Q: 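Pasting a structure below so you can have a look.
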Amino acid sequence: MPFTLITTLYSIKMISKTYAPQEIEAKWYKYWLENKFFASKPNPDKEPYSIVIPPPNVTGVLHMGHMLNNTIQDVLIRKARMEGKEACWVPGTDHASIATEAKVVAMLKERGIEKKDISREEFLIYAHEWKDKYGGIILDQLQKLGASCDWDRTRFTMEPSLYEAVIDTFVRLYNKGQIYRGVRMVNWDPLGKTALSDEEVIEKEIMAKLYYLKYPVSGMEGEFMTIATTRPETIMADTALCVNPNDERYLAYHGKTVVIPLLNREIPVITDEYVTMDFGTGCLKVTPAHDLNDYELGIKHKLPVIDILDDGGFLNEKAVLYVGQDRFAARRNIVKDLEESGHLVKMEEYKSIVKTSERTGAVIEPKLSLQWFLKMDEISKPALENVMNDNIKLYPSKFKNTYRSWMENVHDWCISRQLWWGQQIPAFYLQDGTIIVAKTKREALRKAQHEYLLFALTEEDLTQDPNVLDTWFSSWLWPISVFDGIQNPDNEDISYYYPTNDLVTGPDILFFWVARMIIAGYEWRGELPFRNVYLTGIVRDKQGRKMSKSLGNSPDPLELIEQYGADGVRSGLLFSAPAGNDLLYDDKLIEQGRNFCNKIWNAYRLVEGWEVNVNLVVNSNQLGIDWFNAKMNQTIIDVQDHFSKFRISDALLSLYNLVWDDFCSKYLEIIKPAYEQPIDKATFEATIQIFEKLMKLLHPYMPFITEEIWQALATRADNESICRATFPIAGTVDTKIVADFDIVFELVSKIRDTRNAKQLSPKIALPLVIKTENKALYGQFEEIIQKLANTESITYTNEKVESSISFVIKSDEFFIILEGEIDVEAALETAQKDLEYNVGFKKATEAKLANERFVANAKPELVERERQKLADAESKIKALEEMILRLKGVK
RNA sequence: GGUUUAAUAGCUCAGUUGGUUCAGAGCACCUGCCUUACAAGCAGGGGGUCCAAGGUUCGAAUCCUUGUUAGACCACCA
């Protein structure tokens, strides 16, 4: 620690030794907003590039998944903006009916208000208040992350225009005959008291009990039929027992009736091949009201339906017994009573699956109810086709299979929800039950008057359906509705920005949302909603568990930003986030991101501290500049290639290596003047240019630090931001200089290795002798080698060099002259190993080239490369053999 | 049960059309270093039977078959 302080005192200018993101992030974000750098409007001269944000829940707060997801979107949009496209990232939030309504209900409860005691209108007033107060926090949090959304375009799925779009959609689909109302077995959430779609249900494996119950057979004294059930409380709703017709054990009971225990109601014994003989007892109780399969069995056998549960999961009068009890309490009680009455044969531990509500966690009850449905078979066809033929591309493409199996087996979509927070279904009922679907009550009235000739009707005679629409029934319009494309399908925005380019979201909502947006896209615009879907992985903890509030294993994203800086968090997350792969979060990743920021910062500190001497000329630096530009050009090519394949992580890693290894460790070391020495003008200017380019390349990933440094490197106009600077374009790659430098770096590495092995201080300059036929090559790099490896002046020879450590690169031999003993044995061993390897390699290559089929079948350039490798190996072997002979001679 | 994806260093993962000396990166580990940009750092190093067994091929981490293990999705389990 004391050293750190001293170093700081010595530094030329008193700028922070470590990068301090807290000081600059707010400053630059404000600057970006004030100058409207993220704002976009249709511009016919520019190519549009648009992304719509997956709208987070309006009451939600930022979690790690959002961080990853939105960072990727920001990278894409910032890069497109720098590439001169008209980049538009539309932000917004989702009203999330179940989740939000649950929160409002809880809030009201705290204030002593029960939902059932207030009217719908009052409730909605509270809900909007709640939304205005707590809603949209997440959008502010996205700003902390650096998200470059066009904030003036912020949308909310319940705002008037989007609300109308949803209503409009419903009416149009109803009129097309795509929406119908019907009684179906639905997933019922007894806590939320609403129907749920299959996608909103989560299956959980639990240990349950399987109860074996015996039903007395009527007219056969002492005979029983035993069934196995996990839900003994539903026996009061039984309307039959069912066995497989081929089951010989039960042949005698075909056509008989049995008596429900405790209740003493008679029910028939029916037969159906649906029953599996070897599960449980092979005898099934049929409860049409409370089980989907039983329901279907009931329809087939024309059985009555007895629904013994109310909306809240309590037993009603139809149950006769345990009326008013909660279903789970009733289960405990009936088991006790059955045991006492002797009808409980046995209990078994049983691994079972229960369905629970995604939002409330309540155990789902299959329930018959009257709901609204959207027919999916026809409307989903283009959505399947256009993903399968790659008009819309999924990244990674493995999700195509999952997508197909879902789309080929779609069920009609239950779109009604028994909630208040959401778009109320625009269906109006006359007193006789006639349904009139219209955008408003007024229109419905007019329709009733004209179509049914009921001119005496008034608005009071119409009752609107109390239900609201599934949240996804509004979010499936998102890419269209944010541009107002439902009501005004030809407006300037939608014509320009739609179809959007890329969608970034998690695979968990591929069907909920992505598939349905595609459906809506083709239905309403006859066109895809986006061209590419980038599916991010799920962020998990180190043990691979999904991050969740209940487990408490998720770090607070805002604390992370505070601690490591937004750029550190962004780049850290992306270091290991290939598309579709889950990301095992570890603070180590973010630390790496922060360290990267710090590395860049320190490179800047070095450059910033230089003084320029206009009279100075350092020729060798030009080689370094040329080399780095070649490396940078190659990297830009790689980065663009990665981006074209959505390899966002790989692109970042390429840049990371370029900055850390090539720029900092090599380039800056090559051109760096000695301490307190000035730098020449040409090198300085080239370095500033390189630095600016690097900042631009990194900007999409690390917007804040790159803006800070880019602004500091040169004088900029007030409204000139790196946000809108031009993304670098690759020049031609000078492969010759890259190859030459590879040799130089290998040499430097070998010298350093020797120094390390001999425990020599880096301060001691080592004498280097080179035996080569290509003196010109090394000649031009002498200064660089001296600087990087700290050698004395380099000499050349054709003779053997005594008292030295030697090694071979290509066909050249190098000697480092050392005082004292040289370990000849060790040197011999190393050389022998190297020789063996090369001889082996040579043999393999020779064999390959001797193989006619290889020479005939392989690509010509490949064969040529093999020949070159063989030649290299031969010359290296020759050099090594000479070296070994000499070493033996010394011995 | 059906479909599907994967298995590469201690950990997390790259490895793109089968062909560069292809077996790689980061983290972790080991050795040395407070060298005036950076110890959040520098220089160097060790570490893998590419799940197994067959097959195709001039050539296999890569393609095929079978098996093992793990995950995902869908369906069903009274």
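Since the model is a prediction, treat every value here as computed from it, not as a measurement. The chains referred to below are lettered A, B, ... by the order of the sequence lines, with proteins before strands, and numbering in each begins at 1.
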Q: Measure the CD-CG distance between A:E296 and A:L292 for me, rounded to the nearest 0.5 Å.
A: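 Here the interatomic distance stands at 4.5 Å.
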
Q: What's the NZ-P distance between A:K17 and B:C42, to the nearest Å?
A: 13 Å

Q: Taking the side chain of A:S665 as heavy atoms from C-beta outward, which of B:C73, B:U35, B:C42 is closest to it?
A: B:C42

Q: Assign A:S649 to base, sugar-phosphate, or nothing according to its heavy-atom contacts below 4.0 angstrom with the strands shown.
A: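 Here A:S649 touches no strand at all.
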
Q: Starting at CG of A:N598 and ending at P of B:A39, how long is that distance when rounded to a whole Å?
A: 8 Å

Q: State which residue, out of A:I270, A:V275, A:T271, fulfils the side-chain contact (heavy atoms from CB on, under 4.5 Å) condition with A:P245.
A: A:T271

Q: Under 4.0 angstrom, heavy atoms only, what part of the nucleic acid is A:F841 near: base, sugar-phosphate, or nothing?
A: base

Q: Would you say the side chains of A:Y667 and A:T687 form a donor-acceptor pair under 3.5 Å?
A: yes

Q: Nucleotide by nucleotide, 5' to 3', does protein get under 4.0 Å of the base (B), only the sugar-phosphate (S), or neither (-) in nucleotides 22-27 of chain B, counting heavy atoms?
A: ----SS

Q: Can you tell me which nucleotide in B:A78, B:G19, B:U5 comes closest to the side chain of A:N401?
A: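 Nearest listed nucleotide: B:U5.
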
Q: Name the nucleic acid region contacted by A:T402, choosing base, sugar-phosphate or nothing; use a 4.0 angstrom heavy-atom cut-off, strictly under.
A: sugar-phosphate

Q: Does a distance-only test, which skips hydrogens and angles, find a donor-acceptor pair under 3.5 Å between the side chain of A:E669 and the base of B:A43?
A: no

Q: Got a donor-acceptor contact below 3.5 angstrom from the A:S649 side chain to the A:L574 backbone?
A: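 It does hold such a pair.
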
Q: Are the charged groups of A:E608 and A:R605 less than 4.0 angstrom apart, N to O?
A: no

Q: Look at A:K750 and B:G44 and indicate whether a side-chain polar atom (N or O) is within less than 4.0 Å of OP1 or OP2.
A: no

Q: Rounded to whole angstrom units, what separation is found between the CG atom of A:D582 and the P atom of B:U5?
A: 17 Å

Q: When all nucleic acid strands are considered with a 4.0 Å heavy-atom cut-off, which category describes A:D294: base, sugar-phosphate, or nothing?
A: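 Here A:D294 touches no strand at all.
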
Q: Please work out if A:R752 contacts a base, only the sugar-phosphate, or nothing of the nucleic acid, heavy-atom cut-off 4.0 Å.
A: sugar-phosphate

Q: Nearest-Å distance, OH (A:Y667) to P (B:C42)?
A: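 It is 19 Å, rounded to the nearest whole Å.
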
Q: Side chain of A:Y274, heavy atoms from C-beta onward: which of B:A14, B:A43, B:A78 has the nearest atom to it?
A: B:A78

Q: If I take atom CD in residue A:E611 and atom P in nucleotide B:A37, what distance separates them, rounded to the nearest angstrom?
A: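 One finds 14 Å between P of B:A37 and CD of A:E611, rounded.
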
Q: Could you check which of B:A40, B:G41, B:G44 has an atom nearest any side-chain atom of A:W660?
A: B:G41

Q: Look at A:S749 and B:A43 and indicate whether a side-chain polar atom (N or O) is within less than 4.0 Å of OP1 or OP2.
A: no

Q: In terms of the angle between their ring planes, are A:F575 and A:Y656 parallel, tilted or perpendicular, with boundaries placed at 30° and 60°?
A: perpendicular

Q: Atom CG of A:L584 and atom C1' of B:G71: how far apart are they, to the nearest Å?
A: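 The distance from CG of A:L584 to C1' of B:G71 comes to 12 Å, rounded to the nearest Å.
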
